[in-house]
Amino acid sequence: MNDTPGNAPDDRDPAVHDPNGNASYGHKPFERSRSHFADRITADGREGRPVEAGRYRLVVSRACPWASRALVSRRLLGLESALSLAVADPLQDDRSWRFTLDEGGRDPVLGIRYLSEAYDAREHGYPGGVSVPAIVDIPTRTLVTNDYQQITLDLATEWTALHRPGAPDLYPEHLRAEIDEVMEGIYRDVNNGVYRAGFADGQGEYEAAYADVFRRLDLVSERLARQRYLVGDTVTEADIRLFTTLVRFDAVYHGHFKCNRNKISEDPVLWAYARDLYQTPGFGDTVDFRHIKQHYYRVHTGINPTGIVPLGPALSGWLTPHHREELGGRPFGDGTPPGPVAPGEEVPAEGRP
């Protein structure tokens, strides 16, 4: 799997906001850019950025599937006190991700109104997209990395000294080759495939992406029919990466991105798997369905020019029994579930089932 910095393409939307591009989606070929800022934060500081409690701030949008990976990983690993969190407004203006959810319209720790300010502090006049997730150095208010592929891997393997007691091993060394192989297909055909379908500017391009999405989902469904998790008998990075697409599928990808052969809720295996993870502490308690729908339907004006946000689908099904425990497996292995959501980080009631 090409998860190393410089090889993995960054997401154009919603992770990367192009102020001139929202109306153009669906009217130009869909592209992906590469992570421009790929500094790694490591245990030994070998690349100049040492792991240090309280030094960095994770900036996310709860609307964004790529940022949501970091939200889930941070919760599962218990890094809340070590790596603080900034949540951007799901809607943007011409300067991209903004902190209008905070009092005074400024992030209370970084003191900035827009994430782009941290990008500009890193590279003045940076011409590229402003993406989440992003990790910002608090003392200098400077962007460290926007490499969403590597961020979660490093949280799992480089931040271990700051993990909570009982934290799961999300990227176990003896399973990494299999995890990488599974994630590569899921990234190409599912995580990225829904965007290729949604932003296609021609029928042939759309149909090819659509075919890839459902071919891979069928393969994943077959795999999950016989095992509770994608690799091994515990939650791993692979499950996190699939979950953040599945949890958005019926709400936005099925209709908005025209990935409408069937809903996830119409595939008994994938629906049970998605509910199993949603009900696992650290997964569903990071999901804000209101932010998700507001962003996709109101920001992608090239696809949804009216900006009308659909009222459905109903969310109550996410809390129904899934019976996946009958397949065995232990979500946290020899570890334990994360504790309660940190004060101030709870998803508001309107964003939950």
Side-chain angles (χ1 to χ4, degrees), residues 5-6 8-22 33-42 45 47-71 73-74 79-155 158-159 162 291 295 299 344-345:
D10 226 358
D11 182 58
R12 261 308 204 206
D13 190 289
V16 177
H17 176 67
D18 176 358
N20 300 312
N22 294 328
S33 60
R34 297 180 183 273
S35 297
H36 187 77
F37 303 104
D39 291 8
R40 293 182 62 194
I41 301 170
T42 59
E47 298 190 17
R49 302 283 188 172
V51 170
E52 182 181 331
R55 176 172 173 177
Y56 306 103
R57 190 153 173 84
L58 175 65
V59 181
V60 302
S61 164
R62 292 191 187 275
C64 169
W66 319 97
S68 291
R69 296 175 178 184
L71 278 170
S73 296
R74 176 177 173 270
L79 289 170
E80 291 95 333
S81 62
L83 178 63
S84 65
L85 181 67
V87 178
D89 194 311
L91 304 180
Q92 304 131 325
D93 62 18
D94 60 1
R95 292 188 60 183
S96 186
W97 300 109
R98 53 188 184 162
F99 298 110
T100 47
L101 301 179
D102 296 301
E103 186 176 354
R106 291 184 183 273
D107 178 78
V109 173
L110 299 173
I112 58 178
R113 293 184 179 275
Y114 295 88
L115 178 57
S116 59
E117 295 174 52
Y119 276 70
D120 289 340
R122 172 69 183 269
E123 182 178 314
H124 184 67
Y126 166 63
V130 177
S131 67
V132 289
I135 295 182
V136 177
D137 181 66
I138 294 174
T140 62
R141 302 177 184 178
T142 301
L143 178 74
V144 175
T145 178
N146 66 348
D147 188 352
Y148 73 95
Q149 296 278 47
Q150 193 64 44
I151 284 173
T152 50
L153 296 180
D154 283 343
L155 291 181
E158 297 289 338
W159 290 66
L162 299 176
H291 277 209
H295 176 84
V299 170
E345 295 187 9

Worksheet item: Considering all heavy atoms of both residues, which atom of Arg113 and which atom of Gly104 are nearest to each other, and what is their separation?
Response: NH1-O, 3.1 Å
Discussion item. Is the shortest side-chain heavy-atom distance between Tyr56 and Ile138 below 4.5 Å?
Written reply: no
Fill in: side-chain hydrogen bond (donor to acceptor under 3.5 Å, both in side chains): pairs with one or both residues in residues 99-110, sequence neighbours excluded
Arg57-Asp107, Asp89-Thr100
Worksheet item: Hey, what do you get for CZ (Arg98) to OG (Ser61), rounding to the nearest 0.5 Å?
Response: 11.5 Å
Worksheet item: Excluding sequence neighbours, so at least two apart, what forms ring pair (Phe, Tyr, Trp, His ring centres under 6.0 Å) with Phe99?
Response: none
Worksheet item: Is there a side-chain contact between Asp154 and Ile41 (heavy atoms, below 4.5 Å)?
Response: no
Worksheet item: Do the non-hydrogen side-chain atoms of Pro133 and Leu58 ever get within less than 4.5 Å of each other?
Response: yes
Worksheet item: With no hydrogens and no angle check, is any side-chain donor or acceptor of Asn146 less than 3.5 Å from a backbone partner on Phe37?
Response: yes
Response to the item:
To the nearest 0.5 Å, atom CG of Asp94 lies from atom OH of Tyr114 at 7.0 Å
Worksheet item: Quick one: CG on Leu79 to CG on Leu155, what's the gap to the nearest 0.5 Å?
Response: 6.0 Å
Worksheet item: Which is it for His295 and Gln92 under the side-chain contact (heavy atoms from CB on, under 4.5 Å) test, yes or no, and what are the steps along the way?
Response: CA-CA 9 Å; His295 176 84; Gln92 304 131 325; 3.7 Å; yes
Discussion item. Measuring from atom CD1 of Ile135 to atom OG1 of Thr142, what distance do you get when rounded to the nearest 0.5 angstrom?
Written reply: 14.0 Å
Response to the item:
Note: Tyr119 and Gly129 closest approach over all heavy atoms is CE2-O, 3.8 Å
Item to complete: Flag the pair Tyr126 / His36 as yes when their ring centroid distance falls below 6.0 Å, and as no otherwise.
Response: yes
Discussion item. A side-chain contact here means heavy atoms from C-beta on lying under 4.5 Å apart; do Arg62 and Pro90 qualify?
Written reply: no
Worksheet entry | 4.5 Å side-chain heavy-atom contact, Leu153 and Glu158 | no
Worksheet item: Can you check side-chain contact (heavy atoms from CB on, under 4.5 Å) on Val136 and Val109, steps first, answer last?
Response: CA-CA 11 Å; Val136 177; Val109 173; over 6 Å; no
Item to complete: May I ask you to decide if Thr152's main-chain N or O and Arg74's side chain share a donor-acceptor pair within less than 3.5 Å?
Response: no
Worksheet item: Got a second to check how far Leu143's CG is from Ser116's OG, nearest 0.5 Å?
Response: 11.0 Å
Worksheet item: Hey, does Val59 have a side-chain heavy atom less than 4.5 Å from the side chain of Trp97?
Response: no
Worksheet entry | Basic-acidic side-chain contact under 4.0 Å: Arg122, Asp39 | yes
Worksheet item: Does Thr145 reach the side chain of Gln150, with side-chain heavy atoms less than 4.5 Å apart?
Response: no
Response to the item:
Value for CG (Leu162) from CG (Leu83), rounded to nearest 0.5 Å, stands at 9.5 Å
Worksheet entry | Verdict with supporting geometry, Arg141 and Glu117, side-chain contact (heavy atoms from CB on, under 4.5 Å) | CA-CA 8 Å; Arg141 302 177 184 178; Glu117 295 174 52; over 6 Å; no
Worksheet item: So do Arg49 and Thr42 actually touch side chain to side chain, heavy atoms under 4.5 Å?
Response: no
